[in-house]
**Student:** 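Before I ask anything, here is the structure I am working with.
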Amino acid sequence: MDIGAKGPAPATLYAAHEKVYPREITGRFARLRTLSVWVLLGIFYVFPWLQWGGRQLVLFDLPARKFFIAGLVFWPQDFIFLTGLLIIAALSLFFFTAIAGRLWCGYACPQTVWTETFLWMEHFAEGDRAARLKLDRSPWNAKKIWRKGLKQVLWVSFALWTGFTFVGFFTPIRTLTHEVLVFSLGPWETFWICFYGFATYGNAGYLREQVCKYMCPYARFQSAMFDRDTLVITYDEPRGEPRGSRRRGSDARAQGLGDCIDCTLCVQVCPTGIDIRKGLQIECIACAACIDVCDGVMDKVGSPRGLIRYTTQHAIDHKPTHLVRPRVLIYATLLCVLVAGWIAAVAMRSPVSLDVIRDRNSLYRLTDDGNVDNVYTLRILNKTEHERVFELEAHGASPLTLVQAQHEYRVPSGAVYSVPLRVRRAAYEPLGAETIRLTVRAVDDAAIQSTTKARFLAPTR
């Protein structure tokens with residue numbers, strides 16, 4: 001045996017990353033995606049500059065523990081509304097995924113939106129796909145330094161602007177702008193602008209499709225939300241195979257060929273670099289760029305559009321497709337109920353909150369004059385934007401008397417005011433315990449009030 005002979009190279013599961021150079025494309029889905037990018041970027045970059053009622057339209061004022069959204073003020077005690085929004089967002093994702101697959105990934109995901117923007121800047125600085133490939137393979141020279149440098153300037157500037165805008169949702173953006181201009185930014189503002197800018201620069205400029213392929217969990221569990229009636233981007237294999245080039249105007253069927261001319265443009269336009277002709281893959285973000293480019297090729301060769309198209313597995317199997325089905329109806333019904341409930345809850349929420357805590361040291365206390373006292377601690381939360389003066393009332397099956405040190409309580413905006421309160425009634429009229437109602441009401445506005453129930457304990461004969 002030849003001891004010095006080398007055996008076969010060990011198998012490896014690691015594949016070196018190859019940079020993806022997406023080709024620019026035009027078409028109906030590309031226009032829809034561009035519109036989506038502009039709308040979402042507009043919301044992000046413009047909303048902090050808009051004013052509503054003399055203050056920023058959207059502002060998450062963490063030091064003051066207030067969230068301002070289009071005239072509404074949310075406090076930490078309103079966290080339930082944020083929970084509701086998250087549930088609605090998750091259910092919306094399930095609903096749209098069940099209908100048309102990964103619409104979120106292809107048109108609305110922040111990774112997709114900012115990657116598209118960085119690709120536009122890269123195209124502006126370095127040229128189209130062929131020019132970028134040629135530039136990366138060429139040695140460093142003045143032209144390459146200029147084009148690469150211009151791209152980096154655009155990327156860094158846009159990333160820092162993104163970080164600045166992000167912080168502008170938490171610090172009033174006009175104040176933040178003044179601090180930037182006079183170089184008086186605080187350490188936390190500086191950190192978050194740089195951190196969020198760096199994250200944008202890295203994710204949208206370099207990681208790109210790797211975030212979708214390796215970091216995002218959505219691709220892994222999307223199959224649980226798909227069924228055979230879900231619209232997905234599919235290559236029509238029976239029609240397209242066998243693939244091969246042919247002359248324009250020639251009869252492909254006579255040559256034993258399908259409609260696919262094997263131009264690989266569907267691979268070149270894919271932002272994740274996959275070949276849709278190999279079937280549905282977890283890397284596909286449903287951007288439909290392959291549909292646009294394939295439709296253009298079919299137009300040129302005189303074949304019908306739709307070799308790559310949105311369709312369902314049932315349609316491919318020549319079975320009826322049902323877009324309206326029990327899963328979709330359940331999602332839609334739950335979504336409508338939750339949205340309506342959330343809107344109603346926000347509209348009816350009280351600007352004042354009242355919590356009642358019983359005194360645990362004694363259940364009740366009998367007085368010498370034949371009355372019984374219950375002791376409570378009331379916590380009044382003023383959720384209005386102004387200081388308010390509140391008064392208390394108590395109602396039950398029998399007349400109740402409030403024994404309190406003062407009759408009015410001045411509560412600053414956003415503050416919680418604790419009130420020790422003794423409620424008194426006749427000891428045996430009626431017999432035993434009862435449920436009473438405690439009400440806190442603003443002195444200057446009777447509409448600002450809150451009522452809660454408490455248990456009043458008393459002896460029985």
Side-chain angles (χ1 to χ4, degrees), residues 25 27-33 36 89-109 112 212-213 216-243 252-253 257-262 264-267 269-299 301 303-337:
I25 185 61
R28 49 181 175 158
F29 293 109
R31 289 190 293 271
L32 181 61
R33 191 167 59 255
S36 175
L91 195 57
S92 299
L93 184 64
F94 300 158
F95 173 70
F96 289 109
T97 301
I99 293 177
R102 296 176 66 175
L103 288 178
W104 163 261
C105 296
Y107 297 92
C109 175
T112 299
C212 306
K213 294 166 67 173
C216 178
Y218 180 48
R220 267 66 187 174
F221 65 76
Q222 62 171 325
S223 59
M225 295 180 282
F226 282 21
D227 57 33
R228 300 181 74 84
D229 286 310
T230 299
L231 286 169
V232 293
I233 297 175
T234 305
Y235 168 67
D236 191 341
E237 186 174 353
R239 174 186 160 188
E241 299 297 324
R243 68 187 74 156
R253 298 304 175 190
L257 298 174
D259 284 348
C260 179
I261 65 173
D262 203 19
T264 71
L265 287 179
C266 58
V267 181
V269 298
C270 180
T272 60
I274 66 170
D275 188 344
I276 192 63
R277 296 172 297 178
K278 295 180 179 179
L280 182 64
Q281 300 153 68
I282 63 172
E283 295 89 350
C284 177
I285 63 171
C287 65
C290 53
I291 297 180
D292 284 333
V293 73
C294 188
D295 284 348
V297 172
M298 292 297 102
D299 291 341
V301 300
S303 297
R305 291 186 169 195
L307 180 59
I308 300 175
R309 64 185 183 274
Y310 270 109
T311 188
T312 68
Q313 187 61 47
H314 273 158
I316 294 174
D317 297 337
H318 305 289
K319 297 179 180 179
T321 296
H322 304 91
L323 292 181
V324 179
R325 50 198 189 275
R327 171 187 292 195
V328 173
L329 291 176
I330 292 172
Y331 285 157
T333 302
L334 290 175
L335 193 58
C336 291
V337 170

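Throughout, numbering of the chain's residues begins at 1 and tracks the sequence. Quick caveat, the model's predicted, so the values are computed rather than measured.
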**Student:** Which pairs with one or both residues in residues 312-326 pass salt bridge (Lys or Arg N to Asp or Glu O under 4.0 Å), sequence neighbours excluded?
**Tutor:**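 Found D227-R325, R228-D317.
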**Student:** Could you pull out every donor-acceptor pair under 3.5 Å between side chains of residues 326-335 and any protein atom, sequence neighbours left out?
**Tutor:**
unit_1: R327; atom_1: NH1; unit_2: M225; atom_2: O; d: 2.8
unit_1: T333; atom_1: OG1; unit_2: L329; atom_2: O; d: 2.8

**Student:** Can you list everything that forms a side-chain hydrogen bond (donor to acceptor under 3.5 Å, both in side chains) with H322? Sequence neighbours excluded, please.
**Tutor:** none
**Student:** Run the salt bridge (charged side-chain N to carboxylate O under 4.0 Å, His left out) test against R309 and tell me which residues pass, sequence neighbours left out.
**Tutor:** D236
**Student:** If you look only at pairs with a residue in residues 284-296, which of them pass as a salt bridge (Lys or Arg N to Asp or Glu O under 4.0 Å), with sequence neighbours excluded?
**Tutor:**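 Applying salt bridge (Lys or Arg N to Asp or Glu O under 4.0 Å) to every pair that reaches into residues 284-296, excluding sequence neighbours, yields R28-D295.
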**Student:** Could you tell me if the ring centre of Y107 sits under 6.0 Å from that of F96?
**Tutor:**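 No - the distance between ring centres of Y107 and F96 does not fall below the 6.0 Å cut-off.
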**Student:** Applying side-chain contact (heavy atoms from CB on, under 4.5 Å), name anything that partners T312, two or more places apart in sequence or on another chain.
**Tutor:** L231, H314, A315, T321
**Student:** For F94, check ring-ring contact (aromatic ring centres under 6.0 Å, His included) against everything at least two apart and list the hits.
**Tutor:**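 By the ring-ring contact (aromatic ring centres under 6.0 Å, His included) rule, F94 matches no residue at all.
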**Student:** Looking at R102 and C284, would you say the former's side chain and the latter's main chain have a donor-acceptor pair under 3.5 Å?
**Tutor:**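 Yes, R102 side chain to C284 backbone: donor-acceptor pair under 3.5 Å.
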**Student:** S36: what forms a side-chain hydrogen bond (donor to acceptor under 3.5 Å, both in side chains) with it, not counting sequence neighbours?
**Tutor:**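 S36 satisfies side-chain hydrogen bond (donor to acceptor under 3.5 Å, both in side chains) with no residue once adjacent residues are dropped.
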**Student:** Which residues satisfy the salt bridge (charged side-chain N to carboxylate O under 4.0 Å, His left out) test with E241, sequence neighbours excluded?
**Tutor:**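 Testing E241 for salt bridge (charged side-chain N to carboxylate O under 4.0 Å, His left out), a comparison that skips the adjacent residues, returns R243.
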**Student:** Under the side-chain hydrogen bond (donor to acceptor under 3.5 Å, both in side chains) rule, collect the residues that match up with R239, sequence neighbours excluded.
**Tutor:**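 For R239 the side-chain hydrogen bond (donor to acceptor under 3.5 Å, both in side chains) partners, ignoring immediate neighbours, are D259.
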**Student:** Under the rule for side-chain hydrogen bond (donor to acceptor under 3.5 Å, both in side chains), what residues qualify as partners of T97, not counting sequence neighbours?
**Tutor:**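 side-chain hydrogen bond (donor to acceptor under 3.5 Å, both in side chains) list for T97, sorted by chain: Y218.
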**Student:** Is there a side-chain contact between C266 and I308 in this structure, where contact means two heavy atoms from C-beta onward sitting under 4.5 Å apart?
**Tutor:**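 C266 reaches I308 side chain to side chain.
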**Student:** Which residue pairs pass the side-chain hydrogen bond (donor to acceptor under 3.5 Å, both in side chains) test with at least one member in residues 278-291, sequence neighbours excluded?
**Tutor:** none
